[in-house]
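Take a look at the structure below.
Keep in mind that this is a model prediction, so the values were computed, not measured.
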Amino acid sequence: MRKTLLTLIAVCAVKIASAQYAKIMQVLQFENVTNEEMPLYGSIEKPIESGAFINLLDAGSRANGMRKLYNSYRWPNGGRIDFSKRFSTKGGSKGIVDCYTLVNPTTKDTLRLYVDPYKTSEKYYIPKGLIALNSNLLKDEVEPILQQIQEINQAQDGEALKLHAGEILSYLSSYSFQNLLVDQDQLMPVMQDKEADKTLIGFLMRSYMFNKFYAMAKDLGNEKAYAYEKMKASYANFVKVHPDFAKGKLDDYFKP
């Protein structure tokens, strides 16, 4: 009975983790990634079809395709993969494919992964020697970041932001999240206020971005509204502690 209960608890924990990080997984991973291996998948004969260059004029589409390629897979120990070594060669749907030389930092084994950026797939498989990104791997990375965001929100004077901002921004940058977290309609009045103190503007910008990421990770829904309310609360706390900082027109923007 006890063993059955522990098994049920473990299953529930996995389901909760999966639900919490579902939106982050959607951003980072190709749709319909299966845990199945396919013979020669990722080879020049069967390149991974990232679709990153289908519309070269669309910077967002390019970034999305590259983000998913770089993050859909991991090394068997869960480590992230360095895709920096790349060259192009003949093959694929448009006569050219990208070849990435991947070096396992633990074993020093080398893997060549061929990618067709001009085509997409309905289903993605696991190249031999790699595993698929999963919610448990994300949990180990994301939870410390979310804890730091909570500490920033609970602080009154911005000191926690100074302490944690660098690490949080580094993490978000490593996944190219920034563009997904900046909403012009919500942040333009802050960014364009020439009279407000630059330190205050930077504080508010980071507050918005960090809390939007938090809402995405926790699947809270309506991430923009959540991030705005947190930014508004951060503003109120900050100006109480730092009344001498120039506020420009921010009082009008954040008025009830």
Side-chain angles (χ1 to χ4, degrees), residues 6 9-30 33 63-64 66-84 104-106 130-183 187 199 202-235 237-238:
L6 291 174
I9 292 173
V11 170
C12 289
V14 170
K15 289 183 176 180
I16 291 172
S18 298
Q20 281 189 338
Y21 304 116
K23 289 191 176 181
I24 302 297
M25 291 285 287
Q26 288 173 8
V27 171
L28 295 180
Q29 194 173 57
F30 292 124
V33 173
N64 183 55
M66 300 304 288
R67 184 188 304 110
K68 291 178 182 295
L69 171 64
Y70 294 164
N71 296 296
S72 288
Y73 306 108
R74 295 289 180 91
W75 292 114
N77 67 355
R80 294 177 66 177
I81 300 170
D82 179 3
F83 279 83
S84 63
N104 188 319
T106 302
L130 303 179
I131 63 172
L133 176 67
N134 59 65
S135 57
N136 287 329
L137 291 175
L138 269 184
K139 183 177 186 297
D140 292 339
E141 294 180 4
V142 172
E143 283 300 322
I145 299 298
L146 300 185
Q147 179 61 41
Q148 292 177 13
I149 294 172
Q150 286 182 314
E151 291 178 14
I152 292 172
N153 288 337
Q154 291 165 2
Q156 300 293 311
D157 58 1
E159 289 302 313
L161 178 67
K162 294 179 182 178
L163 179 64
H164 297 311
E167 184 175 347
I168 298 172
L169 286 172
S170 177
Y171 179 78
L172 297 179
S173 297
S174 72
Y175 282 121
S176 301
F177 267 119
Q178 301 97 308
N179 291 341
L180 300 175
L181 302 176
V182 175
D183 297 305
L187 292 174
T199 299
F203 173 74
L204 295 175
M205 291 281 295
R206 287 168 174 76
S207 173
Y208 185 91
M209 293 169 60
F210 295 171
N211 280 290
K212 186 176 179 183
F213 177 77
Y214 186 95
M216 289 174 62
K218 292 292 187 179
D219 197 18
L220 300 180
N222 203 347
E223 296 92 352
K224 290 174 63 173
Y226 178 88
Y228 173 80
E229 289 302 323
K230 288 295 184 180
M231 178 174 65
K232 183 178 179 180
S234 294
Y235 174 72
N237 290 332
F238 190 93

- Message: Less than 4.5 Å apart, side chain to side chain, heavy atoms only: is that true for W75 and P105?
- Response: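 Yes, side chains in contact.
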- Side chains of E141 and Y175: does their closest heavy-atom pair fall under 4.5 Å?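 Counting from C-beta outward, E141 and Y175 do come under 4.5 Å.
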Could you pull out the closest heavy-atom pair between [X] and [Y], with the gap in Å?
{"X": "K212", "Y": "L180", "answer": "NZ-O, 2.9 Å"}
{"X": "A132", "Y": "L137", "answer": "O-CD1, 4.3 Å"}
{"X": "P144", "Y": "K139", "answer": "CD-O, 4.3 Å"}
{"X": "Q178", "Y": "L172", "answer": "OE1-O, 3.7 Å"}

Rounded distance [0.5 Å steps], [atom1] in [X] versus [atom2] in [Y]:
{"X": "I152", "Y": "Q147", "atom1": "CD1", "atom2": "CD", "answer": "11.0 Å"}
{"X": "N77", "Y": "I131", "atom1": "CG", "atom2": "CD1", "answer": "7.5 Å"}
{"X": "S173", "Y": "I168", "atom1": "OG", "atom2": "CD1", "answer": "11.5 Å"}
{"X": "F238", "Y": "T199", "atom1": "CZ", "atom2": "OG1", "answer": "6.5 Å"}
{"X": "L138", "Y": "L133", "atom1": "CG", "atom2": "CG", "answer": "4.5 Å"}
{"X": "D82", "Y": "N104", "atom1": "CG", "atom2": "CG", "answer": "11.5 Å"}

Answer yes or no: is there a donor N or O on one side and an acceptor on the other, between the side chain of [X] and the main chain of [Y], under 3.5 Å?
{"X": "K68", "Y": "Q26", "value": "yes"}
{"X": "S135", "Y": "Y21", "value": "no"}
{"X": "S72", "Y": "L69", "value": "no"}

- When L181 is tested against each of F210, Y208, F213 for side-chain contact (heavy atoms from CB on, under 4.5 Å), which residue passes?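 Going through the options one by one, the only one that passes is F213.
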- Query: Of the options R80, M66, M25, Q29, which is the one that meets N71 in a side-chain contact (heavy atoms from CB on, under 4.5 Å)?
  - Reply: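 Of the listed residues R80, M66, M25, Q29, the side-chain contact (heavy atoms from CB on, under 4.5 Å) partner of N71 is R80.
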Side-chain atoms of residues 226-233: list all donor-acceptor pairs with protein atoms under 3.5 Å, sequence neighbours left out, distances to 0.1 Å.
{"from": "Y228", "atom 1": "OH", "to": "Y253", "atom 2": "O", "distance (Å)": "3.3"}

- Message: For the CD atom on Q150, are there more than 12 heavy atoms of other groups (residues, nucleotides or ligands in this structure) within a distance under 6.0 Å?
- Response: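 Buried by this count: over 12 neighbours within 6.0 Å.
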- More than 12 foreign heavy atoms under 6.0 Å from CZ of R206: is that the case here?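 Atom CZ in R206 is not crowded, with 12 or fewer foreign heavy atoms closer than 6.0 Å.
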- Message: Under the criterion side chain to side chain contact (heavy atoms under 4.5 Å, CB included), I'd like the reasoning laid out for F177 against M209: C-alpha separation, chi angles, the key distance, then a yes or no.
- Response: CA-CA 9 Å; F177 267 119; M209 293 169 60; over 6 Å; no
